[in-house]
Amino acid sequence: MKIPSGYTIRFPREGGPPGEHGSVAFNGRYWKMFNKVDAKARAQLEAAMRTWCRFGPMDMPDSKFKFEGRHRKGGKNIRIDTFKGWQVRFYGTTVEVKGKAMFLVTEADLAKKQKAADETKLQHAAEVAAELIKEAEK
């Protein structure tokens with residue numbers, strides 16, 4: 001798979017090569033949202049994303065990176081995970097690009113107040129991810 005149209009690698013370095021494990025890519029909309037996040041939450045998210053890029057998700061606590069479930073969309077079984085900061089969540093899926101993992105941000109919740117993930121946002125994240133994967137397979 002290649003990086004989807006409109007997405008840019010932002011971590012570990014903007015536009016740069018992936019880390020040892022992989023990279024995190026945003027489209028323009030979610031990158032703008034990321035930059036509007038409170039400084040404390042943004043710092044937490046950046047640290048979590050850089051750690052994921054270097055080591056992967058295996059030893060990351062649920063307070064930083066969490067599996068949110070699988071969703072059946074467009075004939076695909078889509079895994080959705082989330083990067084978490086102070087009352088902020090960035091949802092997405094992981095795909096393989098040039099032999100490395102790439103987390104594609106497909107939804108955001110900038111006003112996270114409840115403990116559980118917003119089901120509407122999870123469904124939207126899965127729908128967007130399914131479309132990106134479908135587009136890449138053409």
How far apart are the closest heavy atoms of [X] and [Y], and which atoms are they?
{"X": "Lys73", "Y": "Ala126", "result": "CG-CB, 3.8 Å"}
{"X": "Leu122", "Y": "Ala117", "result": "CD1-CB, 3.7 Å"}
{"X": "Ala101", "Y": "Thr94", "result": "CB-CG2, 3.8 Å"}
{"X": "Asn77", "Y": "Arg70", "result": "OD1-CB, 3.3 Å"}
{"X": "Ala41", "Y": "Val88", "result": "CB-CG2, 4.0 Å"}

Atom pair [atom1]/[atom2] of [X] and [Y] - distance to nearest 0.5 Å:
{"X": "Lys76", "Y": "Thr93", "atom1": "NZ", "atom2": "OG1", "value": "11.5 Å"}
{"X": "Thr106", "Y": "Glu127", "atom1": "OG1", "atom2": "CD", "value": "10.0 Å"}
{"X": "His71", "Y": "Arg79", "atom1": "NE2", "atom2": "CZ", "value": "11.0 Å"}

(message) Please tell me whether Phe67 and Phe65 are part of a single hydrophobic cluster in this structure, the criterion being side-chain heavy atoms less than 4.5 Å apart.
(response)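 No; tracing contacts between hydrophobic side chains, which count when under 4.5 Å, never links both residues.
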(request) Give the C-alpha distance, both sets of side-chain angles, the deciding distance and a yes or no for ring pair (Phe, Tyr, Trp, His ring centres under 6.0 Å) between Phe83 and Phe11. (result) CA-CA 13 Å; Phe83 280 104; Phe11 295 98; 8.6 Å; no
Within the 4.5 Å heavy-atom criterion, are [X] and [Y] side-chain neighbours or not?
{"X": "Phe103", "Y": "Asp81", "answer": "yes"}
{"X": "Met102", "Y": "Ile9", "answer": "yes"}
{"X": "Val128", "Y": "Glu107", "answer": "no"}
{"X": "Leu110", "Y": "Phe90", "answer": "yes"}
{"X": "Val95", "Y": "Ile133", "answer": "yes"}
{"X": "Lys64", "Y": "Lys84", "answer": "no"}

(message) Consider side-chain contact (heavy atoms from CB on, under 4.5 Å). Of Leu104, Ile80, Val105, which one does Tyr91 pass it with?
(response) Ile80
For a quick test of your reading: what N or O donor-acceptor pairs under 3.5 Å do the side chains of residues 44-58 make, sequence neighbours left out?
unit_1, atom_1, unit_2, atom_2, d
Gln44, OE1, Trp86, N, 2.7
Arg50, NH1, Pro12, O, 2.4
Thr51, OG1, Ala47, O, 2.9

(request) Tell me, with the steps shown, if Leu132 and Tyr7 meet side-chain contact (heavy atoms from CB on, under 4.5 Å). (result) CA-CA 10 Å; Leu132 292 173; Tyr7 274 77; 3.5 Å; yes
(request) Let me see the working for Gln123 and Glu119 under side chain to side chain donor-acceptor pair (under 3.5 Å), right down to the final yes or no. (result) CA-CA 6 Å; Gln123 291 297 326; Glu119 191 59 36; 2.9 Å; yes
Please list, one pair per line, the donor and acceptor atoms closer than 3.5 Å that link side chains of residues 13-28 to other protein atoms, with sequence neighbours excluded.
unit_1, atom_1, unit_2, atom_2, d
Glu14, OE2, Arg10, NH1, 2.5
Asn27, OD1, Arg29, N, 3.3
Asn27, OD1, Tyr30, N, 3.0

